[in-house]
Amino acid sequence: MKHWILILALALATWMASAGQPQKPTIADREWEASNKALATKPADVVCKAGPKVRVHAVESLHAKFWRLPAALENQFKDKFEYTWSFEKRPGYGQVKNQILGFPRNFAEVYDEDVYVVLGAAVGQGLQPLQRLALEQFVKDGGGLLICGGWWTFDSGGGWSGTVFDEMSPVVSATTNSLWERNLIFHPAAGTQGLLPGMTDFDKIYSREPAAQLPPSSPTGSPLEPAGKNAITDGLKWEAKPLVFVSNKVEKLKEGVTVLVTADGKPMVVTWKYGKGNVAAILATPLGEAAADKTAFWDWPDWSIFMGRLVASFLPAKVPR
């Protein structure tokens, strides 16, 4: 009996160590592209379109609501926008990959949007090669991509290695091979915090609860601050000191990147040109909990203004809408 219990325990431990791990693509995107030239070539009649409304597609995941994206679009565009979304399906028993359900399937569908916003989803492992390559070409042709930090972005569980997201991202990701290493990928913006009373390493690494229930990595947090003057950050009420508690760890910024916002001297919002389009990364994550007299950045009233301006900055200035 003890023998079978030991076997079952080992099997369970093995599955738990592998389930949800970042999975490298079976074949790298560029290899897939070379082997599937007909599918991977954009049809000549597919182009970035200008319409009466701004079309934004969000890839939603855990904590998506904390980014306040719909409110940001309403604030910036009033009723002149269309919001569509896909969502991330968590791995079930025996599965090791997340899936993105509802994302545009081909070049024509991808080009039917103006801006894509990744809200912490595992787009590296969750999308198919054709979807990723179509999105990349869309950005090269003038589209916009905003990547918001979370459990599954910047290769912290998203399986970016071998995909075009590593090429499009304005930052060089810090890679990991296991969920057990995720606590090394996320780091506090300032200070450190050990495990809370009654909390185990297992709880810390595998927690999937909303931000209000997740222990912060920095008890005090660090305030977001504008990095110089620009049209996106100017005029916002930074004196409110919106706090970031946890941020995605990256190796470095790529050459040509513009830093818009910092926290404790570390880049938190960066953007760069990719082809004719723009890609921005928000490295702050909506994790942690502010003290009663403090404000988390996602609860900052001006956050929706900032997000709206950031999305608007991706749009071609001379295209009537």
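Below, each value reflects all heavy atoms present in this structure, side chains not excepted, and no hydrogens, waters or symmetry copies. Owing to the predicted nature of the structure, the values given are computational and were not obtained by experimental measurement.
In this structure, the separation between SG on Cys148 and CH2 on Trp67 is 4.5 Å, given to the nearest 0.5 Å. Atoms CH2 and CG, on Trp298 and Leu287 in that order, are 6.5 Å from each other to the nearest 0.5 Å. Taking CG of Leu260 as the start and OG of Ser313 as the end, the distance is 7.5 Å to the nearest 0.5 Å. Of the inter-residue distances, the one linking Leu127 atom CG with Glu88 atom CD reads 9.5 Å to the nearest 0.5 angstrom. Remark: Asp166 CG to Met168 CE distance equals 9.5 Å, nearest 0.5 Å. Between the CD1 atom in Ile232 and the OG1 atom in Thr271 there is a gap of 7.0 Å [rounded to 0.5 Å].
Shown here are the ring pair (Phe, Tyr, Trp, His ring centres under 6.0 Å) partners of Tyr111, two or more places apart in sequence or in another chain: Phe138.
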- request: Apply side chain to side chain contact (heavy atoms under 4.5 Å, CB included) to the pair Val270 and Thr258, showing each step before the final yes or no.
  value: CA-CA 6 Å; Val270 299; Thr258 298; over 6 Å; no
field: side chain to side chain contact (heavy atoms under 4.5 Å, CB included) between Phe87 and Ile100, worked out
entry: CA-CA 6 Å; Phe87 68 96; Ile100 306 297; over 6 Å; no
message: Pair Val259, Met268 - check side chain to side chain contact (heavy atoms under 4.5 Å, CB included), show working.
response: CA-CA 8 Å; Val259 179; Met268 288 293 131; over 6 Å; no
task: Assess whether side chain to side chain contact (heavy atoms under 4.5 Å, CB included) is satisfied between Phe165 and Thr153, documenting all intermediate values.
output: CA-CA 10 Å; Phe165 280 97; Thr153 50; over 6 Å; no
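Residues Leu135 and Ile27 are members of one and the same hydrophobic cluster, defined by side-chain heavy-atom contacts under 4.5 angstrom among Ile, Leu, Val, Met, Phe, Trp and Tyr.
In this structure a side-chain-to-backbone donor-acceptor pair under 3.5 Å is present from Gln131 to Pro104. Side chain of Asn36 to backbone of Leu39: no donor-acceptor contact under 3.5 angstrom is found. At distances below 3.5 Å, at least one donor-acceptor pair connects side-chain atoms of Arg309 with backbone N or O atoms of Asp234. Remark: side-chain polar atoms of Arg105 are not paired, donor with acceptor, to backbone N or O of Leu130 under 3.5 angstrom. With hydrogens and angles ignored, the 3.5 Å screen pairs no side-chain donor or acceptor of Asp302 with any backbone N or O of Ile305. Under a 3.5 Å cut-off, the side chain of Asp264 and the backbone N or O of Lys266 do not form any donor-acceptor pair. Under a 3.5 Å cut-off, the side chain of Ser35 and the backbone N or O of Glu31 do form a donor-acceptor pair. The backbone N or O of Gln125 lies less than 3.5 Å from no partner atom in the side chain of Trp160, so there is not a single donor-acceptor pair. Side-chain atoms of Thr285 come within 3.5 Å of backbone N or O of Val246 as a donor-acceptor pair. Under the 3.5 Å distance criterion, the side-chain polar atoms of Arg132 are left unmatched by any main-chain donor or acceptor of Thr163.
Taking the side chain as every heavy atom from C-beta outward, Phe81 and Gln76 never approach each other to under 4.5 Å. Between Val117 and Val59 there is no side-chain heavy-atom pair separated by less than 4.5 Å. Between Val164 and Leu133 there is a side-chain heavy-atom pair separated by less than 4.5 Å. Between Lys254 and Pro170 the shortest side-chain heavy-atom distance does not fall below 4.5 Å. Looking at Pro43 and Phe107, their side chains come closer than 4.5 Å, going by heavy atoms from C-beta outward. In this structure, Pro223 and Leu243 have side chains that are in contact, with non-hydrogen atoms separated by less than 4.5 Å. Between Leu315 and Val54 the shortest side-chain heavy-atom distance falls below 4.5 Å. Side-chain contact between Ser86 and Glu60 is absent, with no heavy atoms from C-beta onward closer than 4.5 Å.
Residue Lys42 qualifies as enclosed at atom NZ: its count of foreign heavy atoms under 6.0 Å is above 12. For Trp85, the CH2 atom counts as loosely surrounded, since its 6.0 Å shell holds 12 or fewer non-hydrogen atoms of other residues, nucleotides or ligands.
A pairwise comparison of heavy atoms in Leu145 and Phe314 identifies O-CZ, 3.7 Å as the closest pair. The shortest heavy-atom contact between Gly149 and Asn248 is CA-OD1, 3.2 Å. Of all heavy-atom pairs spanning Val244 and Ala284, the tightest one is CG2-CB, 3.5 Å. When all heavy atoms are compared, the tightest approach of Phe77 to Gly308 is CZ-O, 4.5 Å. Residue Gly228 comes nearest to Thr233 through the heavy atom pair O-OG1, 3.8 Å, listed as atom of the first residue, atom of the second, then distance. Between Pro286 and His63, the shortest heavy-atom distance links the atoms CG-CB, 3.9 Å.
In this model, a donor atom of one side chain and an acceptor atom of the other lie less than 3.5 Å apart for Thr84 and Glu113.
Using a 4.0 Å cut-off between a side-chain N of Lys or Arg and a carboxylate O of Asp or Glu, Lys276 and Asp141 do not qualify as a salt bridge. Classification of Lys53 and Asp114 as a salt-bridged pair fails, no side-chain N sitting under 4.0 Å from a carboxylate O. Remark: Glu167 engages Arg30 in a salt bridge, criterion side-chain N to carboxylate O under 4.0 Å. Using a cutoff of 4.0 Å between basic side-chain nitrogens and carboxylate oxygens, Glu33 and Lys37 are not scored as salt-bridged.
Relative orientation of the Trp238 and Phe306 rings is perpendicular, given thresholds of 30° and 60° on the angle between their planes. By the 30° and 60° cut-offs, the orientation of the rings of Trp303 relative to Phe297 is perpendicular.
Evaluation of the ring pair (Phe, Tyr, Trp, His ring centres under 6.0 Å) test over residues 28-57, restricted to residues two or more places apart or in two chains, returns His57-Phe103, His57-Tyr116.
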